[in-house]
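First comes the structure, then the notes that go with it.
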Amino acid sequence: MNVYFYDGNHEYEIHKQGLEIILPYLADEAIILIDDLTFIGVNRANTEFMNEHKEFKELFRVRYKHKIIDGELKGMRDNNWGNGFMVIS
C-alpha cells in the first residue's frame, strides 16, 4: 500500500495500534496521512510511532485554530470538523 489515510479514534492506545497494525502492508516509501492531529492522544501516538520507527519522518503538519464562544467550539467550519493534519513518510 502506497498511501494510508488514518482518521480513527482519538485515544492514544487505539490510535497507536492503528498505525502499528498497517506496517506490514505499507510499501517501502509509503505516505501516511493522519487527521485530527491536535488531539492529545493522536499527537502522542504519532510522536511515539516515529520515535520507534525511524524510517518515518514528518513531512507536513497543519493545525486549525478554534475558539470557544459562549461554551461552543468554533473553527473553520464547525465543531465536527477535524483540527489538524499530518503527513509522514
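Along the sequence shown, the residues carry numbers beginning at 1. The basis for the numbers below is simple: all heavy atoms, side chains too, and nothing from hydrogens, waters or symmetry mates.
Grouping the Ile, Leu, Val, Met, Phe, Trp and Tyr side chains by contacts below 4.5 angstrom, directly or via other members, places Phe56 with Ile22. The cluster map of Ile, Leu, Val, Met, Phe, Trp and Tyr, joined by side-chain heavy atoms under 4.5 Å apart, puts Leu23 and Met50 in the same cluster. By the criterion of side-chain heavy atoms lying less than 4.5 angstrom apart, applied directly or through intervening Ile, Leu, Val, Met, Phe, Trp or Tyr residues, Val3 is grouped together with Val62 in one hydrophobic cluster.
Between Leu26 atom CG and Met1 atom CE the span is 6.5 Å, to the nearest 0.5 Å. In this structure, the separation between NE2 on His10 and CG on Asn43 is 12.5 Å, given to the nearest 0.5 Å.
Residues Asn9 and Val42 approach most closely at O-CG2, 4.2 Å, considering heavy atoms. The two residues Asn2 and Ala27 make their nearest non-hydrogen contact at OD1-CB, 3.2 Å. The two atoms that bring Ser89 and Ala30 nearest to each other are OG-O, 3.0 Å, heavy atoms only.
Taking the ring-ring contact (aromatic ring centres under 6.0 Å, His included) definition, one finds that Tyr6 meets it with Tyr4, His15, sequence neighbours left out. Here Glu52 pairs with Lys16 under the salt bridge (Lys or Arg N to Asp or Glu O under 4.0 Å) rule; sequence neighbours left out. For Asp28, there are no side chain to side chain contact (heavy atoms under 4.5 Å, CB included) partners, not counting sequence neighbours. Here Val87 pairs with Ile31, Leu33, Leu59, Phe60, Phe85 under the side chain to side chain contact (heavy atoms under 4.5 Å, CB included) rule; sequence neighbours left out. Taking Tyr12 as the reference, Glu48 meet the side-chain hydrogen bond (donor to acceptor under 3.5 Å, both in side chains) condition, with sequence neighbours excluded.
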*Yes or no on side chain to side chain contact (heavy atoms under 4.5 Å, CB included) for Asn46 and Arg44, after CA distance, side-chain angles and deciding distance?*
CA-CA 5 Å; Asn46 294 339; Arg44 178 178 163 211; over 6 Å; no
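Residue pairs satisfying the side chain to side chain donor-acceptor pair (under 3.5 Å) criterion with at least one member in residues 17-26, sequence neighbours excluded, are listed as follows: Glu20-His53.
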